[in-house]
Every structure is written in C-alpha cells, then in structure tokens.
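So that the names make sense, note that chain A is the first sequence line, chain B the second, and so on, each numbered from 1.
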Protein chains: 2
Amino acid sequence: MDNRTGHRIVPETAAPRGERRADRNSATRYGNRPTMKDVAARAGVGLKTVSRVVNGEPGVTADTERRVQEAIEALGFRRNDSARVLRKGRTASIGLVLEDLADPFYGPLSRAVEEVARAHGALLINGSSAEDPDREQELVLALCARRVDGLVVIPAGDDHRYLEPELRAGVATVFVDRPAGQIDADVVLSDNFGGARDGVAHLIAHGHRRIGFIGDMPRIHTAAERLRGYHTAMTDAGIPVTNSWTSLGVTDPQRVRRAAEEMLSGPEPVTAIFAGNNRVTVTVVRVLAERSRPVALVGFDDFELADLLQPGVTVVAQDAAQLGRTAAERLFSQLDGTLVTPERTELPTRLITRGSGELAPAK
Amino acid sequence: MDNRTGHRIVPETAAPRGERRADRNSATRYGNRPTMKDVAARAGVGLKTVSRVVNGEPGVTADTERRVQEAIEALGFRRNDSARVLRKGRTASIGLVLEDLADPFYGPLSRAVEEVARAHGALLINGSSAEDPDREQELVLALCARRVDGLVVIPAGDDHRYLEPELRAGVATVFVDRPAGQIDADVVLSDNFGGARDGVAHLIAHGHRRIGFIGDMPRIHTAAERLRGYHTAMTDAGIPVTNSWTSLGVTDPQRVRRAAEEMLSGPEPVTAIFAGNNRVTVTVVRVLAERSRPVALVGFDDFELADLLQPGVTVVAQDAAQLGRTAAERLFSQLDGTLVTPERTELPTRLITRGSGELAPAK
C-alpha cells in the first residue's frame with residue numbers, strides 16, 4: 001500500500017486565535033491587497049467558509065458559494081501562488097529551523113522545503129537548534145531580525161510564546177514534525193502514534209510478546225507519541241509491559257547499544273525490538289548483527305540501504321519530503337492570505353516489510 | 001592507518017592578493033584593534049612572519065621572533081579566539097552555502113561548522129545552491145545582505161568574482177570541498193586526486209585490469225580530480241583505458257544504473273568499479289546486489305552501514321567533519337586577524353577495506 005500522497009486536515013478548535021492570525025495577515029502585512037477577511041466581511045460569512053470556497057473544499061451551500069464568489073470578484077481578491085506577495089525591495093526568503101543537521105531524516109525534508117521556496121521565488125535559509133530550546137529561540141529570532149518572510153520550525157522547545165511578537169508583526173510560521181508549545185500555530189505532523197502502534201502490532205502478529213521499545217527523550221513529542229503507540233498496541237493485545245522493556249533517552253550509539261544489550265540479556269530477554277527512530281535503528285541493527293540468535297526488528301523511519309541489509313529492515317516509513325512540502329506550501333498559503341486558521345495536518349505512515357519484522361520469536 | 005587529524009598547509013603563491021586581504025581585515029573591519037599588520041609594520045617584518053610567530057610555526061629566527069613578540073606586547077595585540085571580534089550590536093553569525101541539503105556527506109560537515117561557530121558564540125545560517133551557480137551567487141549575496149560576518153562556501157560555480165566587493169567590505173570567506181574560481185581565497189579540500197588514485201591502485205593490486213569509473217559531472221572540481229586519479233593509477237600500471245570504462249554525469253540513480261549496467265555487459269565487461277562519490281556508490285551497490293557474478297567495488301566517501309552490507313563496501317573515506325571544522329576555524333582566524341594570506345589546505349583520505357574492494361576478478 002502506498003498512501004504517501006493522502007493526508008487529512010484537522011481543524012484546530014481554537015477559533016478565536018485563528019481570527020487573530022487572520023487579523024495579522026490582513027492588516028499588518030500586505031495592507032492594500034484584499035484579503036480573505038475582506039471577502040468574508042463583504043459576503044457576510046466566516047473566514048473558514050471563504051477558505052473552503054477558495055480551496056475548492058466541500059461543505060458550502062450553493063447560495064453561500066455564489067455570495068463568496070461575488071465578493072471575490074467585487075474586491076478583486078485572488079489567491080496568489082507566486083512570490084509577489086513577499087516583501088518588495090528585498091530578497092524574498094524563508095527560514096527553516098532544524099533539529100540536527102546531520103540526521104538524514106531532515107535531508108529530504110529540507111530539500112522539499114527548499115524546492116517549494118524556489119518555486120515561489122524565495123530563498124531558503126536554515127539553521128539547527130541541536131535539540132536545544134534556547135538555541136532554537138536564538139536562531140528563530142536571528143532569522144526574524146534578518147527579515148525572513150516566514151519560518152518553518154522543527155521545534156526543540158515546548159514554549160513558543162517568544163514568537164508571539166513576531167507572529168503579530170506578520171512573520172508566517174508553520175511547525176513541522178512536532179507541534180508548537182503554548183501558542184496556536186499551524187503544524188504538519190506524521191501519525192507517530194498510529195505508525196508505532198501498527199509497527200508493534202505487526203510484531204505481535206508474528207508471535208512476539210516480549211517486545212522492547214528504544215526511543216528518544218520523552219520530552220520530544222514524536223518520542224512520546226511513538227511510546228504511546230507501543231503501549232496501546234501492547235494493551236490492545238493484552239500484554240502487560242515490564243519496565244525493563246522500554247528505554248528512552250538520547251539516541252547516541254553508546255546509550256542505544258547499552259539499552260539493546262540489556263533488553264536482550266537476562267532470563268527473559270525480549271524477542272523483538274521496536275526502534276523509535278532511524279538513529280536508534282541503525283545502532284540496533286549493529287547490535288543484532290553481532291548476535292547469533294535472531295531478534296525481530298521494526299524501526300520508525302525508513303533509511304537508505306535498509307532493503308539491502310540481511311535481513312532487510314522492516315520500517316514504519318514517514319514521508320519526510322511530503323512533510324516538508326506540505327509545511328512549506330502552508331507557509332506560502334499564509335503569506336498569500338489564503339490560509340488564515342491554524343490547523344493540524346497529520347500525514348499517514350506506511351509499514352514496509354522487508355524481513356526483520358517478520359522473524360518469529362527465537363525459542 | 002588513521003591520519004584523520006594530520007593535514008598540510010600549502011601557501012598560495014599569490015602574495016599581492018594576500019596583502020589585499022590583510023588590508024581588508026585590518027582597516028575595514030575591526031578599526032581600532034591592533035592587527036597582525038600593525039605588528040608586522042612595527043617589527044619591520046612580513047605578515048607571514050608574524051603569522052608564524054602567533055601560530056607557533058617554525059621558520060623564524062630567534063631574533064625575529066623576539067622583535068615580533070616585542071611589537072605584540074607594545075601594541076597590545078592578541079589573538080582572539082572568542083566571538084568578541086564579531087560585529088557588535090548584532091547577533092554574530094556566519095553563513096554556510098552547501099551544494100545539496102539531502103546529500104549525507106554534508107551532514108557531518110555542516111554540523112562541524114556549526115559546532116565551531118557555536119564555540120565562537122556565533123550562529124550558523126545555511127542554504128543550498130542545488131548545484132546551480134546562479135543560485136549559489138544569489139544565496140551568497142543574500143547572506144551578505146543579511147550581514148553574516150563570514151561565509152563557508154561549497155561552490156557550485158567556477159567564477160567567484162561577484163564576491164570581490166563583499167571581500168573588500170570585510171566578509172571573511174573560506175571555500176571548502178572545492179576551490180573558488182577566478183579569485184584568490186582560502187580553501188580546504190580533501191586529497192581527491194590521491195584518494196582516487198590509491199583506491200584504483202588497490203583494485204589493480206587485487207588483479208583487476210578492466211576497471212570502470214562512474215563519477216559526477218566533470219565540471220565539478222572533485223569529480224575531475226578523482227577522474228584524474230583513476231587515469232593516473234591506470235597509466236602507472238600500464239593499463240590503457242577504454243572509453244567505455246568511464247562515465248561522468250549527474251549522480252541520480254537512473255543515470256548511474258545505466259552506466260554501471262553498460263560497463264558490466266558486452267564481451268569484455270569490467271571486473272571492478274570505482275564509484276566517484278557516495279551517491280554513485282549506493283546505486284552501484286544496488287546494481288551489483290542483483291547480479292550473480294561478483295564485481296569488485298571501491299567507492300569514494302564513506303557512508304552509513306557500508307560495513308554491514310555483504311560484502312562490506314571498501315571506501316576511500318574523506319573526513320567530512322574535519323573538512324568543516326578546519327574551514328570554520330580558518331574563517332574565525334580570518335575574523336580575528338590572525339589569518340591574512342589565503343591558503344590551500346589539503347586533508348588526506350583514508351582507504352578502509354571491508355571486502356568489496358578485495359574481490360578477485362571473476363573468470
């Protein structure tokens with residue numbers, strides 16, 4: 001099954017904050033161009049209705065659609081897909097704040113953001129927080145001071161109120177991979193919970209009951225969601241989880257190796273491991289390659305050459321490029337005024353079976 | 001042999017341009033602080049001599065060293081390893097211009113540059129040229145317009161005269177991985193020629209004569225140097241090279257796959273392939289995995305999991321992190337005035353044998 005292109009848009013419930021975002025876009029930024037808010041006012045409908053009409057989404061009556069279309073024509077509003085909405089007299093640019101420059105997961109994501117930026121005539125400038133919230137803030141504010149038009153942020157921190165003045169000043173912002181904290185902002189995520197749950201259920205379906213989980217630090221949204229998926233799959237199968245089966249922490253090889261070796265030793269070793277991200281998976285692959293007894297493995301995130309290892313590594317794949325592309329497209333929709341309400345977009349994951357996840361429990 | 005840390009500094013011959021760089025650093029940028037040029041003038045010696053004394057390098061007589069030390073003390077000059085040389089009242093930052101955000105070779109390089117920047121209290125901002133010279137120029141100038149203090153550039157183009165006004169205005173610049181074109185600038189490279197020559201000689205030593213070379217576009221410095229290494233190794237061994245054994249072009253999987261399959265077919269197929277970079281190597285690994293007859297392989301660049309493939313992939317490893325670290329350190333030496341003459345620094349490569357490069361020619 002390949003459902004890479006499908007994704008669902010989940011409206012945020014916080015409508016008042018969405019309105020504030022709309023104010024920002026219409027008043028502060030592109031003063032003289034008619035905005036969706038102007039269209040909404042003239043047509044006597046809500047912003048979301050205008051958005052539905054502009055984006056060709058269902059849920060609008062024929063009469064309402066006609067009124068909106070009339071307002072659009074009367075005001076000369078048009079959805080703008082080019083860079084002409086970007087600030088004049090400067091090089092149009094957007095910023096991307098990553099977590100780790102050396103993590104291959106972010107390569108395709110960055111490149112996808114860059115391709116969308118380029119299609120809109122904008123440069124991409126990026127930097128890395130190295131998983132440090134202070135550094136994330138410093139970098140975000142430095143990019144704002146350098147007048148980027150918008151930001152795509154993979155957050156390290158969980159409190160983004162420092163961004164509020166920038167948002168009010170008109171800097172478009174989309175969070176990706178992990179949600180913003182303490183503010184209402186657009187976010188594009190993978191289905192981390194569902195992906196992990198399905199991956200662990202896959203191991204259970206192949207006869208495993210003692211299944212280990214090795215993941216990133218629990219304060220990281222993706223790590224917490226994947227752990228939740230693990231627990232849900234185990235609970236759904238009626239398997240009580242022993243404390244020693246789960247290990248969360250930094251993903252450096254030493255820590256992960258120790259965690260894996262501990263789970264694999266003792267009188268009742270795990271017979272399968274679910275690895276919480278690609279950094280964990282490659283270390284677990286190394287540990288398992290040194291052992292004679294086969295241990296099943298499913299990893300979150302696909303990685304290069306996973307299919308050429310022996311056995312091939314079964315993974316829960318995220319579409320990193322699609323995450324980046326979706327986030328960047330939403331950013332430019334904010335900039336051209338067609339996107340006014342923060343939403344949460346969740347992209348599906350995909351289980352790719354290659355052998356390691358289909359091994360039976362060793363006797 | 002592990003010679004990761006060793007590197008040699010090759011002074012550029014263009015002394016007059018080096019002087020111009022010195023002028024820039026002393027006069028334009030950090031007006032009131034005594035510079036190495038001031039020290040040189042007071043001691044009555046050349047800049048290079050002051051640099052040798054400051055950096056503890058040999059080649060200076062005791063008497064000259066004493067005069068330089070006296071001038072240093074009299075003027076209060078000191079080598080500055082912190083960020084205090086960076087422009088006041090702004091967030092200190094340096095820019096990094098990469099070639100491709102999704103190429104894993106640049107991950108460790110970027111992270112190393114970032115770590116050095118952080119140690120100097122500066123933020124790293126980067127962008128990617130996507131191997132397009134116009135985009136490289138656009139990005140470099142956009143970063144300059146946003147007031148970065150210095151630039152580390154992996155160039156896509158071969159004419160960097162557009163940078164001259166920026167250099168005169170005091171933007172420190174170091175090129176890495178590939179040299180600058182048409183200007184005299186600091187550059188940090190791997191020994192691409194020597195590494196490729198040694199890798200091909202390794203295949204010859206294991207009995208191969210029909211050896212293919214698949215590389216990147218020949219206008220790229222690294223690709224041209226590695227091809228030169230291949231030809232030199234073949235010539236040194238008295239093996240005439242047939243045209244059909246070399247293939248240069250873009251490194252996307254389709255092109256590389258076609259090139260490999262052509263070399264491996266026909267009445268006199270190659271028995272070994274030298275892959276010009278990591279993008280080429282991973283595709284060749286795939287092609288070879290589909291074939292029953294063993295074909296030897298040596299790849300330029302190490303890559304993750306190369307040791308866990310069967311056979312393990314023998315590579316000519318560059319130290320990407322050391323390239324980035326060296327370039328960034330030289331950039332900060334320019335900024336603090338201790339580095340005044342553009343130089344070419346060449347880092348050694350390292351042959352790592354893992355099995356694929358030690359296969360004998362198939363009969």
Spell out the residues in residues 288-299 of chain B that have some non-hydrogen atom less than 4.5 Å away from a non-hydrogen atom of chain A, in order of number; otherwise answer 'none'. B:Ala289
A:Phe303 versus chain B, the contacting section by heavy-atom distance below 4.5 Å: side chain
Tell me, out of A:Leu109, A:Leu96, A:Leu143, A:Asp307, who's got the most heavy-atom pairs with chain B below 4.5 Å. A:Asp307
Note, B:Val280 side chain near B:Asn277 side chain (heavy atom, < 4.5 Å): yes
Can you tell me which of B:Ser128, B:Pro104, B:Pro108, B:Ser110 forms the most heavy-atom pairs within a distance under 4.5 Å of chain A? B:Ser128
Can you check whether B:Arg258 reaches B:Arg255 side chain to side chain, under 4.5 Å on heavy atoms? yes
Please work out whether the ring planes of A:Phe332 and A:His120 are parallel, tilted or perpendicular, with thresholds of 30° and 60°. parallel
For the side chain of A:Gln318 and the backbone of A:Ser190, is there at least one donor-acceptor N/O pair under 3.5 Å apart? no
Tell me yes or no: between the side chains of B:Arg257 and B:Gln254, is some donor less than 3.5 Å from an acceptor? no
For B:Glu304 and A:Arg286, run salt bridge (Lys or Arg N to Asp or Glu O under 4.0 Å): C-alpha distance rounded to whole Å, both residues' side-chain angles, the deciding distance at 0.1 Å, then the answer. CA-CA 11 Å; B:Glu304 190 164 73; A:Arg286 289 189 181 284; over 6 Å; no
Among A:Ala320, A:Ala130, A:Ala102, A:Ala306, which residue forms the greatest number of heavy-atom pairs with chain B at distances under 4.5 Å? A:Ala102
Under 4.5 Å from any heavy atom of chain B - which part of A:Ser129: backbone
Spacing of CE belonging to A:Met217 relative to OG1 belonging to A:Thr222, to within rounding of 0.5 Å: 10.0 Å
Side chain, backbone, both or neither of A:Asp100 within contact of chain B (heavy atoms, under 4.5 Å): side chain
Does the pair B:Arg350/B:Asp319 count as a salt bridge with the N-to-O cut at 4.0 Å? no
For B:Ser93 and B:Val148, indicate whether the former's side chain and the latter's backbone hold a donor-acceptor pair under 3.5 Å. no
Segment of A:Glu115 engaging chain B (4.5 angstrom heavy-atom cut-off): neither
